[in-house]
Amino acid sequence: MKKLDESLLLRLPPFSQLSRAQIRKILDQAQTKRLDEGGSFFSEGEEATRFYLLLDGHIRVIKTTPAGDQIIVLHIAAGQLFGIAAALGHSLYPATAQAAAESLALSWPMPLLQEFSAIYQGFATENYKVVGARMQEMQSRISEMATQQVEQRVATALLRLTNQAGRKTDEGIEIDFPITRQDISEMTGTTLHTVSRLLSGWEKQGIILSTRKRIVIVEAHQLVRISDNLT
DNA sequence: ACATTAATTATGT
DNA sequence: ACATAATTAATGT
């Protein structure tokens with residue numbers, strides 16, 4: 001196991017107020033795990049033994065409905081903790097954490113989550129903020145499903161993705177991990193066909209650019225218009 | 001307004 | 001050459 005640089009954590013919200021010595025101690029208890037695209041850090045229903053911090057890459061959090069279809073609940077960007085929702089309730093992971101791109105994460109035994117919160121000031125509050133924000137996001141998406149139409153939903157989904165994983169290019173803002181139409185359909189509760197039609201339509205209008213597993217938003221304001229519009 | 005089915009084409013290893 | 005992704009049209013609820 002190689003040495004990890006303390007400056008890695010220093011900039012991240014959960015650790016930003018900690019001293020170098022404190023971070024060193026935390027790092028020494030961490031395990032690193034690297035996954036290729038498609039690999040899982042943990043799966044829904046497993047015993048929640050560890051919590052994670054994503055250093056690089058992107059994670060999609062997947063739930064499987066009783067009917068058997070997959071739903072992408074949310075995405076995790078680098079620098080965020082995940083696998084911590086279970087700590088505030090049950091002992092099983094509520095969802096699967098799958099690498100949307102090659103990803104690198106640190107992990108600690110679950111008991112340390114409480115320990116860190118108790119010892120290091122600011123750690124707990126930061127985590128509650130993160131969990132709270134995610135709960136809100138999930139809730140707002142549930143109400144979206146009920147109220148908005150498909151076209152608006154995938155527009156907002158794209159916008160959310162650019163906010164969480166947007167990378168500026170000369171053409172526009174690219175979603176910087178591989179994403180298929182199937183993925184987007186699982187985020188928005190539609191079919192890949194509908195997503196495909198919408199995206200190719202938008203591409204013809206110059207709102208987006210897309211090749212396989214890659215989407216660039218050219219005119220975000222147009223998506224905003226679609227997302228909160230009455231046809 | 002959207003899903004489903006199915007057939008066809010494009011794209012990446 | 002093969003598997004996976006994307007498009008497109010036709011038909012169904």
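Chain identifiers are assigned alphabetically (A, B, ...) following the order of the sequence lines, protein sequences preceding nucleic acid strands; residue numbering begins at 1 within each chain. What's counted below: heavy atoms across the whole structure, side chains too, no hydrogens, waters or symmetry copies.
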Nearest listed nucleotide, side chain of A/His193, among C/dT4, B/dT4, B/dC2:
B/dT4

Are side-chain N/O atoms of A/Ser210 and A/Arg181 paired as donor and acceptor at under 3.5 Å?
yes

Consider the side chain of A/Lys204, meaning its heavy atoms from C-beta on, and name the nucleotide among C/dT8, C/dA6, B/dT4 that approaches it most closely.
C/dT8

Looking at every strand, decide which applies to A/Thr190 at a 4.0 Å heavy-atom threshold: base, sugar-phosphate, or nothing.
sugar-phosphate

Taking only the side-chain heavy atoms of A/Val150 (C-beta and beyond), determine which of C/dA5, C/dT7, B/dC2 contains the nearest atom.
B/dC2

Determine the interplanar angle of the A/Trp108 and A/Phe116 rings, folded into 0 to 90°, and report it as parallel if under 30°, tilted if 30 to 60°, perpendicular if over 60°.
perpendicular

If Ile, Leu, Val, Met, Phe, Trp and Tyr residues are connected whenever their side-chain heavy atoms lie under 4.5 Å apart, and connections chain through other members, are A/Met138 and A/Val130 in the same group?
no

Would you mind telling me which of B/dA1, B/dA3, C/dT8 lies closest to the side-chain atoms of A/Thr191?
B/dA3

Determine: side-chain N/O of A/Thr194 to OP1/OP2 of B/dA3, distance under 4.0 Å, yes or no.
yes

Hey, what are the protein-to-nucleotides 10-13 of chain C N/O distances that come in under 3.5 Å?
none

I'd like to know if the side chain of A/Ser43 pairs up with that of A/Ser40 as donor and acceptor (distance under 3.5 Å, no hydrogens or angles considered).
no

May I ask you to evaluate whether A/Arg181 reaches the phosphate of C/dA6, defined as a side-chain N or O under 4.0 Å from OP1 or OP2?
yes

Is there a side-chain contact between A/Gln182 and A/Leu192 (heavy atoms, below 4.5 Å)?
yes

Give a yes/no on whether any side-chain N or O of A/Ser196 is located under 4.0 angstrom from OP1 or OP2 of C/dT7.
yes

Whenever both distances are under 3.5 Å in a Watson-Crick or G-U wobble pair, mark it; put DNA chain C into dot-bracket that way, with [ ] for crossing pairs and | when the partner is on another strand.
|||||||||||||

Please state whether the rings of A/Phe42 and A/Tyr93 are parallel, tilted or perpendicular, taking 30° and 60° as the class boundaries.
parallel

Side-chain H-bond candidate by donor/acceptor type, A/Arg153 with A/Thr188, under 3.5 Å:
no

